[in-house]
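Side chains included, hydrogens not; waters and symmetry mates left out as well; all remaining heavy atoms used. Because the structure is a prediction, the values reported are computed rather than measured. Letters A, B, ... mirror the listed sequences (proteins, then strands); counts begin at 1.
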There are 2 protein chains.
Amino acid sequence: MEISYTEENYLKAIFKISEQDGKPASTNAISSEMNTSAASVTDMIKRLSDKTLIHYERYRGVTLTKRGEQIATHLIRKHRLWEVFLVDKLHFSWDEVHEIAEQLEHIKSQRLVERLDEYLAFPKFDPHGDPIPDADGNFAIRKQALLMDFQPGEQGIVVGVQDHSTTFLQYLDRMELVLGTPVELLEYFEYDESMRILINQKREQVLSKKVCQNLFIQKR
Amino acid sequence: MEISYTEENYLKAIFKISEQDGKPASTNAISSEMNTSAASVTDMIKRLSDKTLIHYERYRGVTLTKRGEQIATHLIRKHRLWEVFLVDKLHFSWDEVHEIAEQLEHIKSQRLVERLDEYLAFPKFDPHGDPIPDADGNFAIRKQALLMDFQPGEQGIVVGVQDHSTTFLQYLDRMELVLGTPVELLEYFEYDESMRILINQKREQVLSKKVCQNLFIQKR
DNA sequence: ACTATTTTTTAGACTAACTTAAAAATATAT
DNA sequence: ATATATTTTTAAGTTAGTCTAAAAAATAGT
């Protein structure tokens, strides 16, 4: 049974929404994620349901079947592996790779994914710190906390971002807050909820609330 | 102006036919190359013509405009660069890469192509010996002749194939007639138009007419 | 030059994916 | 509990790309 490019994107959207919200994806949530009308979503839901890729009860939201979830995680796997390729091998920066990987994730070839994975030395995380699922769809879990939730004195290293926007990634580049950078929380300012941190054991920097809410740190 | 995946494939087909036949591509030739009906081709011709990607006069055949040709050669460039990547970096064999490259050639990103080209050290030929056009669409020309047209005593090295079928490529692998292999024509048999050749200065082998017609050799 | 064959185009219809507008079902609020 | 608001679905229509069957144009044979 053939699955189209478009159907793949819907499955990915449904996976993302379910993961975020922890409940079935609503028609509106999907239409917003896909930038299409709610009517188009209802239409597509029928097709995906006919192909037993989703569970669907009208007015009740959508969840993925085993097969639908397998397709979605495989897309995520390919997307993130290609991102690693683009950054590690072709020297793109982490804020440039999403759109290209969005296309590359649809390339169909089991062997290609396996070889690429091997070529990249079986990476477990992509350039933004997001886990790369294995061929069975299992994600590595990393203990990580938002910088926001740290207490003064606690240390850790930058392992990921919550916000994947280009502007945020470029901001982090300027601040030299790339993945793997050691940080220590020095001081919390109640006034504007900003934080003063020590970057790389040498530079001090004050970060806004918004930044602290979007930066994942692994405690050590 | 957006050009679809399908439109790109039509442009590539038209380029290929014009190149082979040296004259405008007929509706039937295109429908045969694309595995679609002649009616579908007529339809698509109108669309491509509206987008000024082809010159079209009804019942007269189709030629590419400058812009159409530029798109076609750029697709070929991407296709062949990806083939080099798959063979050189991911260790695919030359008979496995066509289908995957057929998908990869549609990935849209100027920067990606440039970086890939650089990463592969600016190759001028793909794994089948076909020339890779540069960013302006210029193909390197290599003096090559079919083994068929050699005289006994003449020597050269294998530089390409006319027939790109999996079976032929696998046959060549078995015979150790890969790109770069030195060969010498020892004897021509008029009876069945077969040829006895010396491979790699050590092994003798008789090749059928069909093989000799499909193997490009650079004389030396 | 006229008939026969081949090639190309037109006509009409299908599917996937999309839209807007209206109707129906569900959820919320007083 | 009923009115209001929100969400979802249905209805009807569009576009790209495809098809088959029939018509029209071009080519070829005697």
Side-chain angles (χ1 to χ4, degrees), chain A residues 1-14 17-18 20-64 68 71-72 75 102-103 105-106 108, chain B residues 1-14 17-18 20-64 68 71-72 75 102-103 105-106 108:
Chain A
M1 196 209 315
E2 280 296 288
I3 293 159
S4 74
Y5 194 103
T6 310
E7 288 168 336
E8 286 190 339
N9 282 336
Y10 272 92
L11 292 176
K12 213 164 41 109
I14 293 163
I17 294 163
S18 304
Q20 271 167 15
D21 303 355
K23 54 182 175 184
S26 71
T27 301
N28 266 358
I30 298 170
S31 81
S32 156
E33 178 69 29
M34 293 292 297
N35 290 307
T36 55
S37 69
S40 303
V41 173
T42 301
D43 223 60
M44 178 57 86
I45 282 173
K46 279 175 199 145
R47 269 194 289 279
L48 294 176
S49 197
D50 289 348
K51 293 187 176 187
T52 63
L53 298 169
I54 58 173
H55 295 296
Y56 168 56
E57 269 181 279
R58 49 193 174 64
Y59 292 98
R60 295 293 256 225
V62 168
T63 55
L64 296 174
I71 292 166
L75 285 166
E102 205 72 7
Q103 300 176 60
E105 72 190 5
H106 296 287
K108 283 169 178 39
Chain B
M1 193 208 319
E2 281 294 289
I3 293 159
S4 73
Y5 195 102
T6 310
E7 288 169 336
E8 286 189 340
N9 282 335
Y10 272 92
L11 292 175
K12 212 164 42 109
I14 293 163
I17 293 162
S18 304
Q20 272 166 16
D21 304 355
K23 54 182 174 184
S26 70
T27 301
N28 266 357
I30 298 169
S31 81
S32 158
E33 178 71 27
M34 293 293 296
N35 289 308
T36 56
S37 70
S40 302
V41 173
T42 300
D43 224 62
M44 178 57 87
I45 282 173
K46 278 175 201 146
R47 269 193 290 277
L48 294 176
S49 198
D50 289 347
K51 294 188 175 184
T52 63
L53 298 169
I54 59 173
H55 295 296
Y56 168 55
E57 270 181 278
R58 47 193 174 65
Y59 293 97
R60 294 293 255 225
V62 168
T63 56
L64 297 174
I71 292 167
L75 284 166
E102 205 72 7
Q103 300 176 60
E105 73 190 5
H106 296 287
K108 285 170 176 37

For Leu48(A) and dA16(C), give me the distance from atom CG to atom C1', rounded to whole Å.
12 Å
With Val41(A), the side chain to side chain contact (heavy atoms under 4.5 Å, CB included) member among Val62(A), Thr36(A), Ile14(A):
Thr36(A)
Where protein sits on nucleotides 13-25 of chain D, one letter per nucleotide: B base, S sugar-phosphate only, - none, heavy atoms under 4.0 Å
---SBBBB---BS
Side chain Lys51(B), main chain Glu2(B), donor-acceptor under 3.5 Å:
yes
Using OP1 and OP2 only, check whether a side-chain N or O of Thr27(A) sits under 4.0 Å from dT9(D).
yes
With side chain to side chain contact (heavy atoms under 4.5 Å, CB included) as the criterion, how do His55(A) and Arg60(A) come out once you've worked through the C-alpha distance, each side chain's angles and the decisive distance to 0.1 Å?
CA-CA 10 Å; His55(A) 295 296; Arg60(A) 295 293 256 225; over 6 Å; no
Is any side-chain N or O of Lys46(A) closer than 4.0 Å to OP1 or OP2 of dT9(D)?
no
For a side chain to side chain contact (heavy atoms under 4.5 Å, CB included) check, start with the C-alpha distance between Arg58(A) and Ile45(A), then their side-chain angles and the critical distance, and finish with the verdict.
CA-CA 10 Å; Arg58(A) 49 193 174 64; Ile45(A) 282 173; over 6 Å; no
Calculate the interatomic distance between Glu8(A) atom CD and dA16(C) atom P; express it in whole Å.
16 Å
Separation of dT8(C) atom P from Arg60(B) atom CZ, nearest Å, is 12 Å
Less than 4.0 angstrom between a side-chain N/O of Asn28(B) and OP1 or OP2 of dT8(C), yes or no?
yes
I'd like to know whether NZ of Lys108(B) has more than 12 heavy-atom contacts from other residues, nucleotides or ligands below 6.0 angstrom.
yes
Check the distance between dT7(D)'s P and Ile45(A)'s CD1 and give it to me in whole angstrom.
15 Å
Interatomic spacing from CG in Asn28(B) to OG in Ser32(B) - rounded to 0.5 Å:
8.0 Å
